[in-house]
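Notes follow the structure.
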Amino acid sequence: MKQLSKIQTIVFLVGGILMVIGAGSYVFMFQRAVMSVVFLVGALCFALMQLEQRYDGQNVVIIRLRRIQLIADVLFILSGILMIDSHYMLLKPLFSSYTDYIQYVYNKWIMTLLIAAILEIYTVHRLSSELEKEKKC
């Protein structure tokens, strides 16, 4: 896999840290308006730098794992958008009633974040072992 430059690595790490700070602070009700934007900025930095790590080989398993990482990145960004919506309720006019909005959208960022985190953990561990196997061969 293509290695990131020093600046890209720093952006990648800062993005991850911003995601943790944003989600943690949002959950503990500290500056929700600001922390939702902090999370989204972190998710964008994290996802963009992860997309920069390209794989040019032919290993089908690694290609599949990279696609799963892409899904996780999209879910991280969607989590940030839904987190902002949970604070500002921007999508509320699209629903016929307030209860429909609460049922389908409000605070659903938690589910997308959980799914993305599980996918990311799985792919990171599997990718490292698959890349080690590829180096040995």
Side-chain angles (χ1 to χ4, degrees):
M1 284 184 55
K2 178 185 168 200
Q3 293 294 326
L4 296 176
S5 69
K6 274 192 171 187
I7 294 173
Q8 288 173 328
T9 303
I10 291 170
V11 171
F12 182 72
L13 293 174
V14 168
I17 291 169
L18 288 177
M19 286 171 54
V20 170
I21 290 171
S25 299
Y26 191 91
V27 167
F28 292 113
M29 297 183 188
F30 178 74
Q31 295 289 326
R32 284 188 156 192
V34 175
M35 290 303 140
S36 59
V37 174
V38 166
F39 180 86
L40 182 60
V41 168
L44 287 169
C45 291
F46 185 84
L48 290 174
M49 290 305 109
Q50 202 167 48
L51 288 175
E52 286 293 316
Q53 293 178 322
R54 290 192 171 85
Y55 175 71
D56 297 325
Q58 300 297 322
N59 189 335
V60 179
V61 175
I62 295 175
I63 294 170
R64 178 184 57 86
L65 290 169
R66 290 288 298 148
R67 287 183 183 156
I68 294 172
Q69 271 188 334
L70 176 65
I71 293 169
D73 291 339
V74 169
L75 288 174
F76 279 135
I77 294 170
L78 181 63
S79 296
I81 293 168
L82 288 174
M83 188 184 289
I84 289 173
D85 181 69
S86 290
H87 182 74
Y88 292 107
M89 296 187 178
L90 301 171
L91 297 176
K92 189 176 135 194
L94 299 176
F95 292 88
S96 59
S97 69
Y98 184 70
T99 52
D100 287 344
Y101 170 75
I102 295 295
Q103 184 177 2
Y104 296 118
V105 177
Y106 189 74
N107 276 343
K108 299 304 186 239
W109 64 270
I110 298 168
M111 292 304 296
T112 56
L113 180 60
L114 179 64
I115 294 167
I118 290 170
L119 289 175
E120 192 69 32
I121 290 170
Y122 169 73
T123 56
V124 165
H125 289 292
R126 283 293 312 274
L127 270 173
S128 63
S129 66
E130 288 297 324
L131 289 171
E132 286 294 324
K133 284 182 193 176
E134 190 175 78
K135 279 184 185 178
K136 289 180 182 178
C137 292

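We number each residue from 1, following the sequence as shown. Only heavy atoms go into these numbers, but all of them, side chains included; no hydrogens, no water, no symmetry mates.
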Under 4.5 Å between side-chain heavy atoms, counting indirect links through other Ile/Leu/Val/Met/Phe/Trp/Tyr residues: same cluster for Ile17 and Val37 or not?
yes
For the OH atom of Tyr26 and the CG atom of Asn107, what is their distance to the nearest 0.5 Å?
6.0 Å
Going by the ring-ring contact (aromatic ring centres under 6.0 Å, His included) test, which pairs reach into residues 56-75, not counting sequence neighbours?
none
If you round to the nearest 0.5 Å, how far is CZ of Arg67 from CG of Leu65?
11.0 Å
Approximate separation, where rounding is to 0.5 Å, of Leu82 CG and Leu75 CG:
10.0 Å
With sequence neighbours excluded, tell me which residues meet side-chain contact (heavy atoms from CB on, under 4.5 Å) with Leu40.
Leu44, Ile77, Ile81, Ile84
Going by chain and number, the hydrophobic cluster around Met29 (ILVMFWY, side chain to side chain under 4.5 Å) further includes none
Looking at Met1, I want to see if its CE is surrounded by more than 12 non-hydrogen atoms of other residues, nucleotides or ligands under 6.0 Å.
yes
Rounded to the nearest 0.5 Å, what separates atom SG in Cys45 from atom CD in Gln8?
12.0 Å
Joint hydrophobic cluster, Ile118 plus Val20, side-chain heavy atoms closer than 4.5 Å
no
The test is side chain to side chain contact (heavy atoms under 4.5 Å, CB included); show your working for Trp109 and Ser36 and say whether it passes.
CA-CA 11 Å; Trp109 64 270; Ser36 59; over 6 Å; no
Can you sort out the partners of Tyr106 under side-chain hydrogen bond (donor to acceptor under 3.5 Å, both in side chains), two or more places apart, ordered by chain and number?
none
Are Val34 and Val41 co-members of a hydrophobic cluster defined by side-chain heavy atoms under 4.5 Å apart?
yes
Hydrophobic cluster mates of Ile121, side-chain heavy atoms under 4.5 angstrom, ILVMFWY only, any path?
none
Asp85 side chain to Leu91 backbone, donor-acceptor under 3.5 Å
yes
Count I, L, V, M, F, W, Y as connected when their side-chain heavy atoms are under 4.5 Å apart, and connections chain through other members. Are Ile102 and Leu94 then in the same cluster?
yes
Shortest non-hydrogen pair, Ala116 vs Ala72, comes out as CB-O, 3.5 Å
Give the C-alpha distance, both sets of side-chain angles, the deciding distance and a yes or no for side chain to side chain contact (heavy atoms under 4.5 Å, CB included) between Tyr98 and Met89.
CA-CA 10 Å; Tyr98 184 70; Met89 296 187 178; 3.6 Å; yes
Do any pairs count as a salt bridge (Lys or Arg N to Asp or Glu O under 4.0 Å) and have a residue in residues 106-130, sequence neighbours left out, and if so which ones?
Arg126-Glu130, Glu130-Lys133
Leu13 CG to Leu18 CG distance, which is reported to the nearest 0.5 Å
11.0 Å
Could you name each residue pair satisfying ring-ring contact (aromatic ring centres under 6.0 Å, His included) that touches residues 111-137, not counting sequence neighbours?
none
So with a 6.0 Å cut-off around CD1 of Ile7, is the heavy-atom count from everything else above 12?
no
Please name all residues satisfying salt bridge (Lys or Arg N to Asp or Glu O under 4.0 Å) with Lys2, sequence neighbours left out, ordered by chain then number.
Glu52
Residues at least two apart in sequence or cross-chain that pass side-chain hydrogen bond (donor to acceptor under 3.5 Å, both in side chains) with Arg66, listed by chain then number, are Gln69
Ser25: which residues meet the side-chain hydrogen bond (donor to acceptor under 3.5 Å, both in side chains) condition with it, sequence neighbours left out?
none
Pairs involving residues 52-87, ordered by first then second residue, that meet ring-ring contact (aromatic ring centres under 6.0 Å, His included) (sequence neighbours left out)
Phe46-Phe76
Identify whether Leu119 and Val61 are in the same connected component of the hydrophobic contact network (ILVMFWY, side-chain heavy atoms under 4.5 Å).
yes
Contacts of Asp73 meeting side-chain hydrogen bond (donor to acceptor under 3.5 Å, both in side chains) (sequence neighbours excluded), chain-then-number -> none
